[in-house]
Amino acid sequence: MDGVLIKNLSSQVGSEVTINGWLYNRRGSGKIQFLIIRDGTGITQGVLVKQEKPDLFDTAKKIPQESSLRVTGVVEENPKAPGGYELQVNNIEVVSEAEHYPISLKKHGVDFLADRRHLWIRTPKQSAILRIRSEIELAVHEFFNQNDFIQADAPIITPNACEGTTTLFEIDYHGESAYLSQSGQLYNEATAMALGRVYCFGPTFRAEKSKTRRHLMEFWMIEAEAAYFDFEDNLKLQEEMIYHIIQRVLKNRRAELEVLGRDISKLEAVKLPFPRLSYTEAVELLQNKGREFNWGDDFGAPDETAISEEFDSPVFIHRFPTAIKAFYMKPDPQDEKVVLGADLIAPEGYGEIIGGGQRIDDLALLEQRLEEHKLPKEAFEWYLDLRRYGSVPHSGFGLGLERTVAWICGLDHVREAIPFPRMLYCLYP
RNA sequence: UCCGCGAUAGCUCAAUGGUAGAGCAACCGGCUGUUAACCGGUAGGUUGCAGGUUCGAGUCCUGCUCGCGGAGCCA
């Protein structure tokens, strides 16, 4: 259909255009009214003066909130208008008159809005978040493409657990037990041995009964894996990717960040290289801040927040005790008590957004680890093959998309970082 | 699974154990540049469910249901 996007109105001043959109709100008096119109790219207003077009004025006055309409008018610049431009309306075609809309523009609670998520996403803040999410996804693809990574997606339905420890969603696979993927990493290691540098991007499922602002049952993860990448290569890749994402969002989605009221200076403060803290140094930092923490414990959310407070950029915590990390993590040759793994902690208390590290490339050690973790060796035979046939040093990581979106947008809960969040006991809509 | 908090009009919230109320939304009317517009009026209730205490319970007690926040686990 013919039409101009609201975001492009600035180039149409003086000409008559049609906007295909929805009626977001209406303001005005008995003699003049302002139709607030949204189209997914932005918000503008149509102006109607009763004296000039009495019939159209009365018709417009009766159009209910969220009706779909095509508004034709002449574009004018006006600093009072949302977005700086407005339409002197000449015609309105109501595409579909809406029933009484359940979401008013006033204050609502989260429960109420979450139950109507399919409508909530029409509001300026929610749609701004989803536009930023899309920008982040584009930035990721662009970054990997520029760095010679091939997208090779991992399966969603898997025969066994990758790490074996977390709870999985079980499904009936034609009479056989199967599970929804909780990580594509093991498959990434296989594709990396085929393609060199790979990444996968898709939904991931965790059935843990987690009930916090950082957890979803279904979330999207970007996982990269590269052959002949050592631990340091991997950290460098991660920080450059995050930096690239931030720069692209700052460049292309500044207006959306402003809609969200995000403190943009916090994002501009992110600088390369990111600080690196060994686990042991992080423990000392926590102890110096007066927190009770013993070497060998894993960090809780409040610990991560306490560490991130010390830095403007995301901070790497590396070389964790072997006992608290996954079976495939490569031990540090300098100190066998720790592994070459690192978490990236986002600033402002947003917690871990990346987990990654160098993988064990030695067959015997990997077999020993599977035994120690009491994992069924048969299920991992194909994975062990990767060490039998041309094993190489390799490293990778996984980035949680929703946590990244929440951090960049300054959200207080990851549920707003995805169009339709799947949370504990929350499966609708 | 554990700890804490909550459930009153469509929504957001009030109401010492003593007649359930306001703002917004809806509906009617007014207003010539609005910015979650504003002003006047109308209508709107099995106070989450089931028991109990009391002359009297939205309010106190017990159980249940649902929701929220946090912990653990993790991205």
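Residue numbers begin at 1 in each chain, while the letters A, B, ... track the order of the sequences.
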- prompt: Please give, in whole Å, the distance from B:rC73 C1' to A:Asp298 CG?
  reply: 9 Å
message: Using atom C1' in both nucleotides, what's the gap between B:rA15 and B:rC68 to the nearest angstrom?
response: 23 Å
- prompt: Between B:rC74, B:rA71, B:rG33, which one does the side chain of A:Gln45 approach most closely?
  reply: B:rG33
message: Could you tell me how far B:rU12 sits from B:rA26 if I compare only their C1' atoms? Round to whole Å.
response: 16 Å
task: Go ahead and name the base partner of B:rG17; Watson-Crick or wobble counts if both distances stay under 3.5 Å, otherwise write none.
output: none
task: Go through B:rA71, B:rA26, B:rU34 for me and flag the one nearest to the A:His100 side chain.
output: B:rA26
- prompt: Base, sugar-phosphate, or nothing: which does A:Gln238 touch, judged by heavy atoms less than 4.0 Å apart?
  reply: nothing
task: Counting heavy atoms from C-beta on, name the nucleotide in B:rG72, B:rA75, B:rG33 closest to the side chain of A:Leu216.
output: B:rA75
query: Between B:rA36 atom C1' and A:Tyr24 atom OH, what is the distance in whole Å?
result: 7 Å
statement: Minimal heavy-atom distance between A:Glu66 and A:Trp22, with the atoms involved, is O-CD1, 3.7 Å
- prompt: Between B:rC24 atom C1' and A:Tyr101 atom OH, what is the distance in whole Å?
  reply: 17 Å
message: Check for me whether A:Arg276 meets the cation-pi criterion with A:Phe274, that is, NZ or CZ under 6.0 Å from the six-membered ring centre and within 45 degrees of the ring axis.
response: no
Nearest to side-chain heavy atoms of A:Ser104, which nucleotide of B:rA71, B:rA75, B:rA25: B:rA25
- line: Taking for A:Gly109 and for A:Pro302 the nucleotide of RNA chain B with the nearest heavy atom, the one nearer the 5' end belongs to A:Gly109
task: Let me know the distance between NZ of A:Lys61 and P of B:rC28, rounded to the nearest Å.
output: 11 Å
- request: Would you please classify the geometry between the A:Phe112 ring and the A:His108 ring as parallel, tilted or perpendicular, with 30° and 60° separating the classes?
  value: parallel
- request: Could you measure between the two C1' atoms, the one in B:rA9 and the one in B:rC64, and give it in whole Å?
  value: 25 Å
message: Using whole Å, what does the distance between atom P of nucleotide B:rA36 and atom CD1 of A:Ile43 come to?
response: 11 Å
Atom C1', compared across B:rG58 and B:rG45: separation rounded to whole Å: 12 Å
message: Regarding A:Gly300, tell me which of base, sugar-phosphate or nothing describes its non-hydrogen contacts under 4.0 Å with the strands shown.
response: sugar-phosphate
- request: Give one of base, sugar-phosphate or nothing for A:Gln51, where a contact means two heavy atoms less than 4.0 Å apart.
  value: base
message: Need the pair for B:rA71. Rule: Watson-Crick or G-U wobble, both distances under 3.5 Å, any strand; none if unpaired.
response: B:rU1
query: Looking across every strand, which nucleic acid part, if any, lies under 4.0 Å from A:Glu99 by heavy atom: base, sugar-phosphate, or nothing?
result: nothing
query: Are A:Arg359 and A:Glu225 within salt-bridge range, i.e. N to O under 4.0 Å?
result: yes
- prompt: For A:Phe34 and B:rG33, are the ring centres under 5.5 Å apart with planes inclined under 30°?
  reply: no
- request: Determine the Euclidean distance between corresponding C1' atoms of B:rG48 and B:rG67; express it in Å to zero decimal places.
  value: 10 Å
message: Applying the Watson-Crick and G-U wobble criteria at under 3.5 Å, what pairs with B:rU12? Answer none if nothing qualifies.
response: B:rA22
- prompt: Hey, are A:Arg254 and A:Glu268 close enough for a salt bridge, meaning a charged N less than 4.0 Å from a carboxylate O?
  reply: yes
query: Taking only N and O in the side chain of A:Lys211, is any of them less than 4.0 Å away from OP1 or OP2 of B:rC68?
result: yes
task: Give the rounded distance in Å between these two atoms: CD of A:Glu66 and C1' of B:rA36.
output: 14 Å
Nearest-angstrom distance, P atom, B:rA57 to B:rA50: 15 Å
query: Taking the side chain of A:Ile32 as heavy atoms from C-beta outward, which of B:rC73, B:rU34, B:rU32 is closest to it?
result: B:rU32
query: So which nucleotide from B:rA75, B:rG72, B:rG69 ends up closest to the side chain of A:Ser210?
result: B:rG72
field: Closest listed nucleotide, where the reference is the side chain of A:His215 and the choices are B:rG33, B:rA36, B:rC73
entry: B:rC73
message: For the C1' atoms, the ones on B:rU62 and on B:rA20, what distance do you get once it is rounded to whole angstrom?
response: 25 Å
message: Measure CG/A:Asn25 against P/B:rG33 and give the value in whole Å, please.
response: 17 Å
- prompt: Within less than 4.0 Å of OP1 or OP2 of B:rA71, is there a side-chain N or O belonging to A:Arg214?
  reply: yes
statement: On RNA chain B, more 5' by nearest nucleotide between A:Gly30 and A:Val414 is A:Gly30
- request: Indicate the ring-plane relationship of A:His141 and A:Tyr199, choosing parallel, tilted or perpendicular according to the 30° and 60° boundaries.
  value: tilted
query: Is A:Arg117 close enough and on-axis enough to A:Trp120, meaning under 6.0 Å and within 45°, for cation-pi?
result: yes
Interatomic distance where CZ belongs to A:Phe112 and C1' belongs to B:rA25 [whole Å]: 10 Å
field: From B:rG72, B:rU32, B:rA75, nucleotide with atom closest to A:Ser29 side chain
entry: B:rU32
message: If I pick the C1' atom on B:rG52 and the same atom on B:rA43, what distance separates them, to the nearest angstrom?
response: 37 Å
- prompt: Are the charged groups of A:Glu352 and A:Arg403 less than 4.0 angstrom apart, N to O?
  reply: no
message: Below the 4.0 Å mark, does B:rG69 have OP1 or OP2 next to a side-chain nitrogen or oxygen of A:Arg415?
response: yes
task: Scan every strand shown for a Watson-Crick or G-U wobble partner of B:rG6, both distances under 3.5 Å, and answer none if you come up empty.
output: B:rC66
- request: Could you please name the partner base of B:rU32, counting Watson-Crick and G-U wobble pairs only when both distances are under 3.5 Å?
  value: none
